[in-house]
Amino acid sequence: MVYTRKNQRDLTASERRRFVAAVLELKRRGEYDEFVRTHIDYYTADGGGRLRTAHMTPSFLPWHRRFLLEFERALRRIDGTVTVPYWDWTRDNSPASSIWAEDFMGGNGRRSDLRVTTGPFAYGGGKWTVKYAMTEVSYLTRDLGRPGDPIALPTAGQLEEVMRERTYDTAPWNSTSPSGFRNRLEGWAPGSGNDRFRIHNRVHRWVGGLMLGGGSVNDPVFWLHHSFVDLVWSRWQQRNPGAAYLPATPPPVGDAQYRKVIARHQPMQPWGVTPAEMADHSQLYRYA
């Protein structure tokens, strides 16, 4: 049965409570932290010299689609009514947006140490201790808008520019790909400072705190962000039905990307599914 992912701003009070409760229960069981560890394990940068599956690579979108689906399945084993809502950051683009309400994602981190002190995921509530992270903190941190180095969330116009791309991805299949939908949506760009980060990457940077880097899953807003990224990819697929995942075949011996990227019909770890198998979600879920 096909279920629906809704915009977080359209959730009823009951839907918000049930989503939060399922996430907290997943955390209590220890399962949530396994998702954190998986993302850390597969966060490999261009210079890593090994296979890249989750980031800076064509499989960024299908890998996260499967990752999100695995998380959603775990939540639905707890409460079958729950789906992962999406956060449209082109509309809900300020620290005052409903997503940061005390009964949902909670608010910003305090100035002294960026520690989140409000909402169900605040360390003080006793239900959200960080176990795996790229830092030593045991509590959720945020720095919305990065006041010390201000950055804005992507606009609808900037996202539409990305949607105009007609090719899924281009060589060299990494963060330096000059065009292609995947790299433009993932958000790697030339420049320095905040100019280096666009679209998906810019959202991580705007939230700040633990949303930076491989341990970003420690902030539950990660899932709402990636649900919207998946929605954007889904809309792009509808606009470009003939634009399949690229590369279609693995880069050959001698190519700088040999054995470093996943081709269309190669398995993505840790699940063993291929990008081609993740292309169509219409039999599983839809977006409202």
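None of the values given here were measured: they were computed from a predicted structure. We count residues from 1, following the sequence as given.
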All side chain to side chain donor-acceptor pair (under 3.5 Å) counterparts of Asp41, not counting sequence neighbours: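 Asp41 satisfies side chain to side chain donor-acceptor pair (under 3.5 Å) with no other residue.
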side-chain contact (heavy atoms from CB on, under 4.5 Å) partners for Ser192, two or more places apart: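 None.
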Tell me the closest heavy-atom pair linking [X] and [Y], and the distance in Å.
X: Met211; Y: Val207; answer: CG-CG1, 3.5 Å
X: Pro270; Y: Thr38; answer: CG-CG2, 4.3 Å
X: Ala74; Y: Glu31; answer: CB-OE1, 4.2 Å
X: Ala263; Y: Ala248; answer: CB-O, 3.9 Å
X: Pro95; Y: Trp100; answer: O-CD1, 3.6 Å

Main-chain N/O of [Y] paired with [X] side-chain donor or acceptor, under 3.5 Å:
X: Arg52; Y: Thr57; answer: no
X: Ser94; Y: Ala96; answer: yes
X: Asn194; Y: Pro150; answer: yes
X: Arg142; Y: Gly106; answer: yes
X: Tyr245; Y: Ser59; answer: yes
X: Asn218; Y: Gly215; answer: yes
X: Glu165; Y: Gly180; answer: yes
X: Asp46; Y: Asn174; answer: no
X: Asn240; Y: Gly242; answer: no
X: Arg9; Y: Ser98; answer: no

Below 6.0 angstrom between ring centroids: does that apply to [X] and [Y]?
X: Trp236; Y: Phe181; value: yes
X: His226; Y: Phe67; value: no
X: Trp128; Y: Tyr32; value: yes
X: Phe35; Y: Trp223; value: yes
X: His64; Y: His55; value: yes

Show your reasoning for whether side chain to side chain contact (heavy atoms under 4.5 Å, CB included) applies to Ile78 and Arg29. CA-CA 11 Å; Ile78 295 169; Arg29 295 180 181 185; 3.6 Å; yes
Are Thr135 and Val130 close enough, and set up right, to give a side chain to side chain contact (heavy atoms under 4.5 Å, CB included), and what steps lead you there? CA-CA 10 Å; Thr135 67; Val130 172; over 6 Å; no
Is any NZ, NE, NH1 or NH2 atom of the basic residue among [X] and [Y] found under 4.0 Å from an Asp or Glu carboxylate oxygen of the other?
X: Arg164; Y: Glu161; result: no
X: Arg239; Y: Glu160; result: yes
X: Arg17; Y: Asp103; result: no
X: Arg66; Y: Glu70; result: yes

Among Val137, Leu140, Thr129, find the residue that satisfies the side-chain contact (heavy atoms from CB on, under 4.5 Å) test when tested with Tyr123.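 Going through Val137, Leu140, Thr129 one by one, the side-chain contact (heavy atoms from CB on, under 4.5 Å) with Tyr123 is satisfied by Thr129 alone.
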Report the C-alpha separation of Gln8 and Asp92 in whole Å, then their side-chain angles, then the decisive distance to 0.1 Å, and conclude whether the side-chain hydrogen bond (donor to acceptor under 3.5 Å, both in side chains) test is met. CA-CA 10 Å; Gln8 62 82 27; Asp92 295 305; 3.2 Å; yes
Residue pairs passing the side-chain hydrogen bond (donor to acceptor under 3.5 Å, both in side chains) test where at least one lies in residues 260-278, sequence neighbours excluded: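 Non-adjacent pairs meeting side-chain hydrogen bond (donor to acceptor under 3.5 Å, both in side chains): Thr274-Glu277.
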Residues in salt bridge (charged side-chain N to carboxylate O under 4.0 Å, His left out) contact with Asp280, at least two apart in sequence or another chain: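 Result, salt bridge (charged side-chain N to carboxylate O under 4.0 Å, His left out) vs Asp280: none returned.
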Which residues share a salt bridge (charged side-chain N to carboxylate O under 4.0 Å, His left out) with Asp79, sequence neighbours left out: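 Expected list: Arg18.
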Step by step, would you call Arg202 with Gln158 a side-chain hydrogen bond (donor to acceptor under 3.5 Å, both in side chains)? CA-CA 12 Å; Arg202 180 166 283 250; Gln158 290 167 339; 5.9 Å; no
Report the C-alpha separation of Val20 and Phe121 in whole Å, then their side-chain angles, then the decisive distance to 0.1 Å, and conclude whether the side chain to side chain contact (heavy atoms under 4.5 Å, CB included) test is met. CA-CA 9 Å; Val20 167; Phe121 308 108; 4.2 Å; yes
Between Phe60, Phe222, Trp188, Trp87, which is the residue that forms a ring pair (Phe, Tyr, Trp, His ring centres under 6.0 Å) with His200?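 When Phe60, Phe222, Trp188, Trp87 are each tested with His200, the ring pair (Phe, Tyr, Trp, His ring centres under 6.0 Å) holds only for Phe60.
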Joint cluster assignment, [X] & [Y], ILVMFWY side-chain distance < 4.5 Å:
X: Phe19; Y: Leu24; value: yes
X: Val221; Y: Leu153; value: yes
X: Leu212; Y: Tyr42; value: no

Check whether Trp206 forms a cation-pi arrangement with Arg146 (NZ or CZ under 6.0 Å from the six-membered ring centre, at most 45° off the ring normal).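 The answer is no; the distance or angle limit is not met.
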Are Arg182 and Tyr168 in a cation-pi contact, defined as NZ or CZ under 6.0 Å from the six-membered ring centre and within 45° of the axis?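 No cation-pi geometry.
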With sequence neighbours excluded, tell me which residues meet ring-ring contact (aromatic ring centres under 6.0 Å, His included) with Tyr285.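 If we apply the ring-ring contact (aromatic ring centres under 6.0 Å, His included) test to Tyr285, skipping adjacent residues, the hits are His281, Tyr287.
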Criterion side chain to side chain contact (heavy atoms under 4.5 Å, CB included) on Thr141 and Asp113, from CA distance to verdict: CA-CA 8 Å; Thr141 57; Asp113 57 3; over 6 Å; no
I'd like to know whether [atom1] of [X] has more than 12 heavy-atom contacts from other residues, nucleotides or ligands below 6.0 angstrom.
X: Arg50; atom1: CZ; value: no
X: Arg73; atom1: CZ; value: yes
X: Arg91; atom1: CZ; value: no

One pair to check against side-chain hydrogen bond (donor to acceptor under 3.5 Å, both in side chains): Thr4 and Arg286. What are the steps and the verdict? CA-CA 5 Å; Thr4 300; Arg286 69 179 187 89; 3.2 Å; yes
If only side-chain N and O atoms count, and only distance matters, is there a donor-acceptor pair under 3.5 Å linking Arg184 with Ser179?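 There is no such pair between these side chains.
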Would you compute the distance between atom OG1 of Thr83 and atom CG of Leu75 and round it to the nearest 0.5 angstrom?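 Nearest 0.5 Å value for the OG1-CG distance: 9.0 Å.
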